[in-house]
Amino acid sequence: MESKEFTAALWSLSPNVIEDPNETLGMLTFKRDELLILEIPAGVLLDWPKIPIEGGYMQSHTADGLHADQVYGFSQNGDYYLLREVSSPGPGISCPGMEKQTLRGTSLFVSREPLEANPVVKSITVKFPGLREWLGVIPFDVSMKFECNRVSSIDFKCDLTKANSIILFENDEIEISINLINIHKGGPTPSYSFEFETDCEMEISFKKEESNFDDCMERWVHNAISFLAFCTGFKYSIDNLIIETSKGVKAEYYALFVGAPGAPVFSQLQSMPFPYQKIKEKISIMISNWYGFDSYLRNSSTLLTSLMNKWNMPLDMLFLASAQAFEAASRSGVDECEISEDDLRERLEAIKNSDLKSTFKKWACYKLKYARWRSANSLAKELIRKLDGFAAYVVPDSNRFLKDHRTHRDAYTHRRSLSESESLSNEELYYHMEAVQLLTYGAIALNVGLEPNEIVAYFEESRYRWYCFYRSRKQYAAAE
């Protein structure tokens, strides 16, 4: 979301702002790296509790500052503001002797009618960069006629029947669709210019009457956005989010969303690994599987899509985040226990009843108790086996890859030093990290319903991160 300065408004702790005698004037701004900032130039909105004493009152200040679940505003142009999770260090003093206050909020609703702090929603509509290119539906055709090597005529034809909504997924609780938008600029009768643009937005409609906004965002919207990031191979911040409540009230929503600023460049738009036109026959099953992820796959996919933001992270932290995503994927759907509870109990009893010294018994029982879990290395080997042809495509020598991965994962996790013969150079570690991310990508693709050889074909055809594939294959080439 872009930074924005909102129209000046009257602010109050009461929903009935206009009728509140304690209302105060304030200016609200949204900055993508500083939350929502409400400046009260002359007055106080949140104040310390006043404790009556003889001859007046006293106020007790705390290090936690002042907080309110929400505050309400009514702007000069008739918009209702609802600023949520508000905090302030307290009032200040401005010359000549007036009080002022700066407050911060985490999210904001802007509507033409009053709104609850966590309203029941009928739909949430989101726009974000790259969505229309991922969909790949162009509802108009432009043809040019040439005569004598010059353009003699241009014909424009728009088929509005192509502008219908496209349903991606539906179940008993929600429907996810893409709505196409046609934008005709220049007025109904163009004179000296004509411009026609198509765009689209994702709409999630909720079928249950008790679907409140916060729950819907957490359970459905963020996961849908992450799924589309998985399909496109990039994650940019949301441009616009609009809700419609069960009462028919529409409101814009402002908050800090994870995602890179700006928009994808042409090369990114041309190399999306799973564009809609390639997966439209499977997308409903893929989304269903995505929403059915267990906690391990949810964590893995969240980390994977988050790493698409191109954070300015040190290499070791970038490697650790990638390794955690890979390890989480390896733990999904497998029995992490090497031995059962009954087998463990039997072995512990055998040690306790043995002729070993008591100190040995205690040591062996302690070690065995915590050794029943499968190692991260064995789980990684099993994931490589499941990835089959895709793993062979990314790291032809998987044994050497796993050895390097285990060594560096343990060293960087526990901050241990590595000998020169064990340690990868910075360049080698970087492309090892890229290989880890690609394998995690394959693991997520496998769990949404694609086969290993299919995944290879999608990546080869799209040329998504082709140089990382090349360097990974080169670094872990099979021995001749």
Side-chain angles (χ1 to χ4, degrees), residues 1 15 30 36 68-73 79-86 105-128 131 135 164-181 200-231 235 237-259 276 283-295 297-299 301-302 305-306 448:
M1 287 184 169
F30 173 70
L36 289 136
D69 292 335
Q70 63 271 333
V71 297
Y72 303 88
D79 284 334
Y80 288 87
Y81 297 153
L82 196 155
L83 186 62
R84 308 198 307 168
E85 295 183 58
V86 180
T106 61
S107 59
L108 171 75
F109 286 120
V110 180
S111 60
R112 299 299 290 182
E113 298 178 51
L115 201 67
E116 300 87 3
N118 187 21
V120 174
V121 290
K122 185 165 65 176
S123 67
I124 297 177
T125 304
V126 186
K127 284 182 69 176
F128 48 89
L131 182 59
L135 189 68
N164 295 330
S165 296
I166 297 172
I167 297 175
L168 303 182
F169 174 74
E170 184 175 11
N171 64 10
D172 294 338
E173 297 183 75
I174 63 165
E175 177 184 288
I176 303 176
S177 60
I178 304 294
N179 301 328
L180 276 78
I181 307 166
C200 59
E201 58 192 14
M202 179 181 70
E203 181 179 357
I204 303 181
S205 302
F206 304 97
K207 300 179 180 180
K208 292 191 174 181
E209 295 181 357
E210 67 273 14
S211 303
N212 68 67
F213 174 77
D214 288 335
D215 289 345
C216 290
M217 289 292 292
E218 181 68 25
R219 185 180 177 191
W220 301 110
V221 177
H222 288 306
N223 283 329
I225 293 170
S226 292
F227 173 78
L228 290 172
F230 163 79
C231 290
K235 189 171 186 179
S237 181
I238 289 172
D239 287 333
N240 183 255
L241 190 149
I242 295 175
I243 72 166
E244 183 177 1
T245 72
S246 59
K247 299 176 182 177
V249 178
K250 290 190 176 182
E252 292 182 86
Y253 179 73
Y254 294 85
L256 291 182
F257 291 101
V258 174
Y276 171 74
I283 193 163
S284 181
I285 295 173
M286 291 173 69
I287 295 175
S288 178
N289 290 336
W290 184 274
Y291 278 119
F293 279 178
D294 60 20
S295 60
L297 284 176
R298 180 66 57 225
N299 289 334
S301 61
T302 300
T305 54
S306 177
V448 296

* Results of salt bridge (charged side-chain N to carboxylate O under 4.0 Å, His left out) for E201 - residues two or more places apart only -> none
Is any side-chain heavy atom of [X] closer than 4.5 Å to a side-chain heavy atom of [Y]?
| X | Y | answer |
| --- | --- | --- |
| K127 | L241 | no |
| L131 | L228 | yes |
| E173 | S211 | no |
| F293 | N223 | no |
| L83 | L36 | yes |
| Y81 | V71 | no |
| V110 | Y80 | no |
| V126 | N240 | no |

* **Criterion side-chain contact (heavy atoms from CB on, under 4.5 Å) on E252 and S111, from CA distance to verdict** => CA-CA 7 Å; E252 292 182 86; S111 60; over 6 Å; no
Where do [X] and [Y] come nearest, in terms of heavy atoms and distance?
| X | Y | result |
| --- | --- | --- |
| I225 | F128 | CG1-CE2, 4.4 Å |
| A224 | I176 | CB-CD1, 4.3 Å |
| V121 | C216 | CG2-SG, 3.8 Å |
| N289 | V448 | ND2-O, 2.9 Å |

* Quick one: which of E175, E209, E210, E244 gives a salt bridge (Lys or Arg N to Asp or Glu O under 4.0 Å) with K122? -> E244
* Side chain of S288, backbone of S284: donor and acceptor closer than 3.5 Å? -> no
What's the separation between atom [atom1] in [X] and atom [atom2] in [Y], rounded to the nearest 0.5 Å?
| X | Y | atom1 | atom2 | answer |
| --- | --- | --- | --- | --- |
| I167 | S205 | CD1 | OG | 9.0 Å |
| L115 | L82 | CG | CG | 6.5 Å |
| E116 | N118 | CD | CG | 9.0 Å |
| I166 | L180 | CD1 | CG | 5.5 Å |
| L256 | F30 | CG | CZ | 5.0 Å |
| L168 | M286 | CG | CE | 11.0 Å |

* Result of checking Y72, Y253, Y254 against F109 for ring pair (Phe, Tyr, Trp, His ring centres under 6.0 Å) -> Y253
* To do: For the residue pair W290 and F227, categorise the inter-ring angle as parallel (less than 30°), tilted (30 to 60°) or perpendicular (more than 60°).
  => perpendicular
* Would you please classify the geometry between the Y291 ring and the W220 ring as parallel, tilted or perpendicular, with 30° and 60° separating the classes? => perpendicular
* Evaluation steps, side-chain contact (heavy atoms from CB on, under 4.5 Å), between F213 and I124 -> CA-CA 9 Å; F213 174 77; I124 297 177; 4.0 Å; yes
* To do: Look at R84 together with D69 and state whether they make a salt bridge at an N to O cut-off of under 4.0 Å.
  => no
* Asked: Are any of the side-chain nitrogens in E170 or K207 under 4.0 Å away from the carboxylate oxygens of its partner?
  -> yes
* To do: Just jot down the side chain to side chain donor-acceptor pair (under 3.5 Å) partners of K250, sequence neighbours excluded, or say none.
  => none
* To do: Could you walk me through whether S301 and F230 pass the side-chain contact (heavy atoms from CB on, under 4.5 Å) test, one step at a time?
  => CA-CA 8 Å; S301 61; F230 163 79; over 6 Å; no
